[in-house]
Amino acid sequence: MTRKELFKNTLRKSVHAWKLINELPLSDDESLMLRHFMDQPGFLDLHWRMFVPAIKGQGTEEQKQKWLPLANKMQIIGCYAQTELGHGSNVQGLETTATFDPQTDQFILHSPTQTSSKWWPGGLGKVSTHAVIYARLITDGKDHGVHGFIVQLRNMDDHSPLPGITIGDIGVKFGNGAYNSMDNGFLMFDKFCIPRDQMLMRLSKVTREGKYVPSDVPRQLMYGTMVSVRQTIVSNASIAMARAVCIATRYSAVRRQFGSQNGGIETQVIDYKTQQNRLFPLLASAYAFRFVGEWLKWLYTDVTQRLEASDFATLPEAHACTAGLKSMTTSATSDGIEECRKLCGGHGYLWCSGLPELFAVYVPACTYEGDNVVLQLQVARFLMKTVSQLGSGKAPAGTTAYMGRAKHLLQCRSSIRKAEDWLNPAMVLETFEARALRMAVSCANNLSKFENQEQGFSELLADLVEAAIAHCQLIVVSKFIVKLEGEIKGKGVKNQLKNLCYIYALHLIHKHLGDFLSTNSITSEQASLANHQLRSLYTQVRPNAVALVDAFDYTDHYLGSVLGRYDGNVYPKLFEEALKDPLNDTVVPDGYHEYIRPLIKQHLRSARL
Ligand SMILES: CCCCC/C=C\C/C=C\C/C=C\C/C=C\C/C=C\C=C\C(=O)SCCNC(=O)CCNC(=O)[C@H](O)C(C)(C)COP(=O)(O)OP(=O)(O)OC[C@H]1O[C@@H](n2cnc3c(N)ncnc32)[C@H](O)[C@@H]1OP(=O)(O)O
Ligand SMILES: Cc1cc2nc3c(=O)[nH]c(=O)nc-3n(C[C@H](O)[C@H](O)[C@H](O)COP(=O)(O)OP(=O)(O)OC[C@H]3O[C@@H](n4cnc5c(N)ncnc54)[C@H](O)[C@@H]3O)c2cc1C
């Protein structure tokens, strides 16, 4: 499809999905499932996942009563317009202004520079009638920082932009189809006025007289919508990883190369240890991200209930967990999808493998809802704060509770003696805890050598990100272990999940061996025992690998991959797909008479001469 066709087709699908949701009707969970099967980014994502939650989270009761019924019935369509051409990560650096005019009781929205243009918001370019806009609030010449506003963008009769608004699509993005179904947009305000009651005022307010009343709750609640979406992105990472792994695993069982003597049957590539060493940790990651996603959903629900009761104590941890896990899982999944493409050899590069499209649509997850490095630095700040408070009497809680055992974890030596010890949950956990704590403490010690803490932080950014990743990996490993300790129906299933859990943990040890050795969390002998155990786990997973991806229950239609077909009938179907290509509509290609024939004839003539 051309971009225009793709966009229009996505509108058609989205509206059909909305009709089904209402007619059947579907619950929230079922609607989310429908979104997965629709399998295309579109304006509904931003309306439901960001616009509506922003009003719910930051609007007053009156604002919710006014706007939510309209949004819930989709009589208005909204998006989330925060990022600007010049600033995305640095939210406090946004330039759009919202100046209160006491004469008219309105805010005047203005884009003072080109870099202040809103740039990227999904659904903004062509669809949305409304947006939650983030802009600097100015009253009586004073800048109060960034706040949210509900703004109508387009005329409800003919969809034309309202006077004072310049709006459009930012252009083609990475890949052929992929994220191009979405109208990511730009927007400029030219002294555009909105009534005062369209500032989202649950947190802070501007009175009729133009007095700014600051929030009596943490102002970071303004970032709540991002926290909510980051949480869902972790579960989505599992879905995308599982999809790629399903394709690569099934195909690896079908594909044969080498290994035959005297023309006998060749080896299935899945039997090569190198293939297993690349594939099975990704299979394990798909399961691991699912379990940590479930836990994160619980954490998010818990913090939301606490916030409603004005208990803000766990907000920093919820922010650190959602930011860090969003970052870690999306980076691993993007890399994992690309690895799956390579695991499928040349055929993985074909569009009909399903992997190029999956990669193209998935990879911006490393950037949207917060650049992955910027988010890990938030985790690092949280860790540095936690380390600095050790010994102050305030015991670390939640995912940093292990830091409360700093004295032990800083000096303990791993008691792994034989390969099987690496299947001991307590020993594995302690190894990850020691590594994470030692990396965090080492950063804190290095930071303390700087007179200026911010300068020190800047200098140590790369180390801090590594410490943050170590902490996040510990969370994923620990939640996998907790899952195993819970009720799992069927001993066989439990055994398989156990194998995957230890593959996940041991492959991380192998991958980040430098961290584990340099922090003395393990010795090189223990590292080689871990490798030995890993190889043995691969052997145990091998007979069940295809069943473990079948368990994701993806239909062939959803997978959209010739290589990942359930029936394994890959080669005839590759031919079928090839023959569908428009280039194969004619035997002699268009352009033959114009370019190829004259070229060949010229050679023939010169040959005769
Ligand atoms: C193939 C399969 C796919 C299947 C898909 C199927 C279904 C999908 C279904 C639905 C899809 C759902 C949604 C669509 C998903 C995504 C794509 C679409 C949209 C994308 C949207 C966006 O990208 S919106 C824009 C996002 N922007 C960002 O994330 C900006 C990143 N920057 C920031 O968040 C912050 O500015 C910061 C974190 C970098 C902070 O910077 P800093 O200057 O330090 O902060 P402040 O001075 O502002 O604050 C400092 C203190 O505040 C703490 N803090 C920061 N953030 C938070 C927070 N969120 N909550 C709580 N606390 C926070 C910070 O820690 C500091 O605390 P201390 O003072 O104590 O240190
Ligand atoms: C597909 C897609 C959809 C999007 N949808 C929306 C949307 O609906 N609404 C919306 O408002 N926005 C949206 N965005 C914008 C997105 O949220 C931002 O692009 C994202 O937050 C990153 O910000 P940035 O582009 O400013 O990156 P930058 O911050 O400019 O990052 C560039 C580089 O600088 C590095 N960097 C930046 N700051 C630091 C630092 N402090 N320390 C170390 N390194 C740093 C980063 O790691 C990165 O390598 C979308 C983006 C994409 C790609």
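Each ligand, and each atom within it, is numbered from 1 in the order the structure gives. Numbering starts at 1 and runs along the sequence shown.
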Return yes if some donor-acceptor pair links the side-chain N/O of [X] with the main-chain N/O of [Y] below 3.5 Å, else return no.
X	Y	answer
Arg154	Thr129	no
Asp183	Asp169	no
Gln58	Met222	yes

Which option wins on minimum heavy-atom distance to [atom]: [options]?
atom	options	result
atom 26 (C) of ligand 1	Arg49, Glu357, Met226	Met226
atom 50 (C) of ligand 1	Gln220, Lys385, Met241, Glu317	Gln220
atom 49 (O) of ligand 1	Gln378, Gln92, Arg219	Arg219

message = A side-chain contact here means heavy atoms from C-beta on lying under 4.5 Å apart; do Phe359 and Leu355 qualify?
response =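 The answer is no; the side chains never approach within 4.5 Å.
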*Determine whether Gln453 and Met384 make a side-chain contact, defined as any pair of heavy atoms from C-beta on separated by less than 4.5 Å.*
no
Any N/O of [X] closer than 3.5 Å to an N/O of ligand 1?
X	answer
Tyr362	no
Tyr223	yes
Gly370	yes
Ser89	yes
Arg230	yes
Glu369	yes

With the threshold set strictly below 4.0 angstrom, can you tell me whether any protein non-hydrogen atom sits that near [atom]?
atom	value
atom 67 (O) of ligand 1	no
atom 3 (C) of ligand 1	no
atom 56 (N) of ligand 1	yes

Side chain, backbone, both or neither: [X] near ligand 1, heavy atoms under 4.0 Å:
X	result
Leu46	side chain
Phe37	neither
Val91	both

The side chain to side chain contact (heavy atoms under 4.5 Å, CB included) partner of Asp39 among His557, Glu357, Arg243 is Arg243
query = Just one of Leu20, Ile21, Leu44 clears the side chain to side chain contact (heavy atoms under 4.5 Å, CB included) bar with Ser31, so which one?
reply =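 Result: among Leu20, Ile21, Leu44, Ile21 is the only option passing the side chain to side chain contact (heavy atoms under 4.5 Å, CB included) with Ser31.
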Are His47 and Phe43 near enough that their ring centres are under 6.0 Å apart?
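They do not qualify: ring centres at least 6.0 Å apart.
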Element-labelled atoms of ligand 1 that are located less than 4.0 Å from some non-hydrogen atom of [X]:
X	result
Val374	39 (C)
Gly88	30 (C)
Met50	21 (C), 24 (S)
Gln82	25 (C), 26 (C), 27 (N), 28 (C), 30 (C)

Mind checking what makes ring pair (Phe, Tyr, Trp, His ring centres under 6.0 Å) contact with Tyr558, not counting sequence neighbours?
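Residues passing ring pair (Phe, Tyr, Trp, His ring centres under 6.0 Å) with Tyr558: Phe37, Tyr554.
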Exercise for review: Compute whether any side-chain donor of one residue and acceptor of the other, for Gln231 and Thr322, lie under 3.5 angstrom apart.
Suggested key: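 There is no such pair between these side chains.
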Atom pairs, nitrogen or oxygen, ligand 2 to protein, under 3.5 angstrom:
{"from": "ligand 2", "atom 1": "8 (O)", "to": "Gly122", "atom 2": "N", "distance (Å)": "3.0"}
{"from": "ligand 2", "atom 1": "9 (N)", "to": "Tyr80", "atom 2": "O", "distance (Å)": "2.9"}
{"from": "ligand 2", "atom 1": "11 (O)", "to": "Tyr80", "atom 2": "O", "distance (Å)": "3.4"}
{"from": "ligand 2", "atom 1": "11 (O)", "to": "Gln82", "atom 2": "N", "distance (Å)": "3.0"}
{"from": "ligand 2", "atom 1": "11 (O)", "to": "Thr83", "atom 2": "N", "distance (Å)": "2.8"}
{"from": "ligand 2", "atom 1": "11 (O)", "to": "Thr83", "atom 2": "OG1", "distance (Å)": "3.1"}
{"from": "ligand 2", "atom 1": "12 (N)", "to": "Thr83", "atom 2": "OG1", "distance (Å)": "2.7"}
{"from": "ligand 2", "atom 1": "23 (O)", "to": "Ser89", "atom 2": "N", "distance (Å)": "3.3"}
{"from": "ligand 2", "atom 1": "23 (O)", "to": "Ser89", "atom 2": "OG", "distance (Å)": "3.4"}
{"from": "ligand 2", "atom 1": "26 (O)", "to": "Gly88", "atom 2": "N", "distance (Å)": "3.0"}
{"from": "ligand 2", "atom 1": "26 (O)", "to": "Ser89", "atom 2": "N", "distance (Å)": "3.2"}
{"from": "ligand 2", "atom 1": "29 (O)", "to": "Ser89", "atom 2": "OG", "distance (Å)": "2.5"}
{"from": "ligand 2", "atom 1": "47 (O)", "to": "Asp371", "atom 2": "OD1", "distance (Å)": "3.3"}
{"from": "ligand 2", "atom 1": "47 (O)", "to": "Asp371", "atom 2": "OD2", "distance (Å)": "2.6"}

For ligand 1, is there an atom lying under 4.0 Å from some heavy atom of Thr232? no
The single option from His147, Lys142, His144 that satisfies side chain to side chain donor-acceptor pair (under 3.5 Å) with Tyr212 is His147
